Amino acid sequence: MSRFQSPSAFFFYGLFAFLILASALARWLIRSGRVKGEMASNLADRIRAWWVMIGVLALIFTLGAGAITLFFALCSMAALREFATITHTRRDDHDGLAIAFYVILPLQYLLVYFAVPVFAALLIPVYCFLLMPVVTVLKGEVQGFLTRVSETQWGLMVCVYCVSHIPAILTLHIPGYRYSAFTLVAWLILVVQASDVLQYVWGKALGRHLLAPRVSPSKTVEGLVGGVLSACALGVALSPFTPFNGWQAGLIALAVTLMGFLGGLIMSAIKRDRGVKDWGTLVQGHGGILDRLDSLVFSAPVFLHLLAWGWL
């Protein structure tokens, strides 16, 4: 089966069909005056951004595992840069940051690509946990030492370690599974991102009870429940393309969507703490790269571990 006929390709065909409908609906809403002003501009920007993001993902999926690994490595670099810009870094921290960007990050993705799971699992949470304070303390600056080191370690864990679990799924070889691991990556991204979008839709349609108003004023209980249940239904509907049966797909979709929600909430709390609305401006209408990855950084490791524990 070629990549253009694989289930992962059909996932993207479905996404493009959905984008065509969404674009037509948005055009009608704006022209009819039902959506106007800043909201209309934001809606148009978001749809254009989704076209670009889905198009890029579709392209790299046709190019293979190397392209996917490189793509997420570049995403990690952009996300780590966004994270570093809002932290309490000093000039004395530049050596540690340089090591993080130009040594640790590429090494992590090389370990993933060449399927060295033990070292890929230990590099950042063990060796970098020990290395980064050493590099920083040797500079002799003790003011804010704990905060500065902790923020760098958090950035590596969130932006590099967790994100690298997405291409790491491609290294799995599940006995008896007739499709490639590309399909599992597509399933994860589709279910988690659908949950994000549907939480927003359900929240706008039915949202009454704010969930965490000081952290994320737009998140509601109704939006969370509606979005997660809708995404779980999507995960179950796509279960024939996975190694899961229906109820397994539903439970795994529930786990990754809840973790995705918690990831988004935690990353929002960090933004509020630092006094910023978005992580960046790279993705027009969507903020920065980390604004797009915030759900996946918490859901990808859980998904990979569930696959490893239950199906290998």
Side-chain angles (χ1 to χ4, degrees), residues 8 60-61 63-80 83 95-137 149-177 179-189 192 242-244 248 251-252 255-256 259-260 262-263 266 290 293-312:
S8 57
I60 65 168
F61 264 72
L63 297 177
I68 293 176
T69 305
L70 177 61
F71 172 76
F72 282 105
L74 295 174
C75 287
S76 281
M77 182 166 287
L80 186 59
F83 197 98
D95 288 350
L97 288 172
I99 293 172
F101 275 96
Y102 303 117
V103 178
I104 296 170
L105 189 155
L107 181 57
Q108 175 70 17
Y109 278 92
L110 285 172
L111 291 171
V112 167
Y113 180 70
F114 289 108
V116 190
V118 174
F119 286 108
L122 297 178
L123 175 65
I124 292 175
V126 176
Y127 296 107
C128 290
F129 180 83
L130 301 173
L131 173 65
M132 298 312 293
V134 172
V135 173
T136 303
V137 79
V149 170
S150 299
E151 287 177 341
T152 302
Q153 290 171 334
W154 248 87
L156 281 169
M157 284 296 294
V158 169
C159 303
V160 182
Y161 184 71
C162 289
V163 176
S164 71
H165 281 70
I166 302 173
I169 296 168
L170 300 176
T171 66
L172 301 181
H173 301 284
I174 298 175
Y177 180 49
Y179 300 121
S180 73
F182 287 84
T183 302
L184 296 176
V185 174
W187 186 90
L188 171 68
I189 293 174
V192 173
T242 71
F244 325 130
Q248 290 170 338
L251 288 179
I252 293 174
V256 297
M259 290 305 298
L262 293 173
I266 289 169
L290 203 46
L293 292 176
D294 57 1
S295 299
L296 287 169
V297 295
F298 274 59
S299 57
V302 171
F303 184 62
L304 176 64
H305 296 161
L306 287 173
L307 286 171
W309 292 335
W311 279 269
L312 291 187

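Only a predicted model underlies this, so the values are computations on that prediction, with no experimental measurement involved.
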Distance check, rounded to the nearest 0.5 Å: [X] atom [atom1] versus [Y] atom [atom2]?
X	Y	atom1	atom2	result
Ile189	Ile166	CD1	CD1	6.0 Å
Leu70	Ile60	CG	CD1	9.0 Å
Cys159	Leu290	SG	CG	5.0 Å
Phe119	Leu110	CZ	CG	14.0 Å
Ile266	Ser295	CD1	OG	11.0 Å
Leu105	Ile99	CG	CD1	13.5 Å

Would you call [X] and [Y] a side-chain contact if the rule is heavy atoms closer than 4.5 Å?
X	Y	value
Val134	Leu130	no
Leu296	Val163	no
Thr171	Pro117	no
Leu304	Leu188	no
Met132	Ile104	yes

[X] and [Y]: which non-hydrogen atoms are nearest, and at how many Å?
X	Y	value
Pro106	Phe101	CD-O, 3.3 Å
Ser299	Gly260	CB-N, 4.2 Å
Cys128	Pro133	O-CD, 4.1 Å
Leu293	Cys75	CD1-CB, 4.1 Å
Ile68	Pro167	CG2-CB, 4.5 Å
Ser76	Val160	OG-CA, 3.7 Å

TODO: Output all residues satisfying side-chain contact (heavy atoms from CB on, under 4.5 Å) with Tyr161, sequence neighbours left out; order by chain, then residue number.
DONE: Gln108, Ala121, Ile124, Pro125, Met157, His165
Task: With sequence neighbours excluded, residues passing side-chain contact (heavy atoms from CB on, under 4.5 Å) with Ile174 - done: Tyr177, Leu184, Pro243, Leu307, Trp311, Leu312
Open item on the list: Are there over 12 heavy-atom neighbours, none belonging to Phe129, within less than 6.0 Å of that residue's CZ?
Closed with: no
TODO: Could you tell me whether the side chain of Ser164 and the main chain of Tyr109 form a donor-acceptor pair under 3.5 Å?
DONE: no
Task: Tyr179 backbone acceptor or donor facing Thr183 side chain under 3.5 Å - done: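 Such a contact is absent between Thr183 side chain and Tyr179 backbone.
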- [ ] For the pair Trp187 and Phe244, name the ring-plane relationship: parallel under 30°, tilted 30 to 60°, perpendicular over 60°.
- [x] perpendicular
Task: Passing candidate, side chain to side chain contact (heavy atoms under 4.5 Å, CB included) with Leu97, options Thr152, Leu80, Thr136, Val135 - done: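 The side chain to side chain contact (heavy atoms under 4.5 Å, CB included) with Leu97 is passed solely by Thr152 among Thr152, Leu80, Thr136, Val135.
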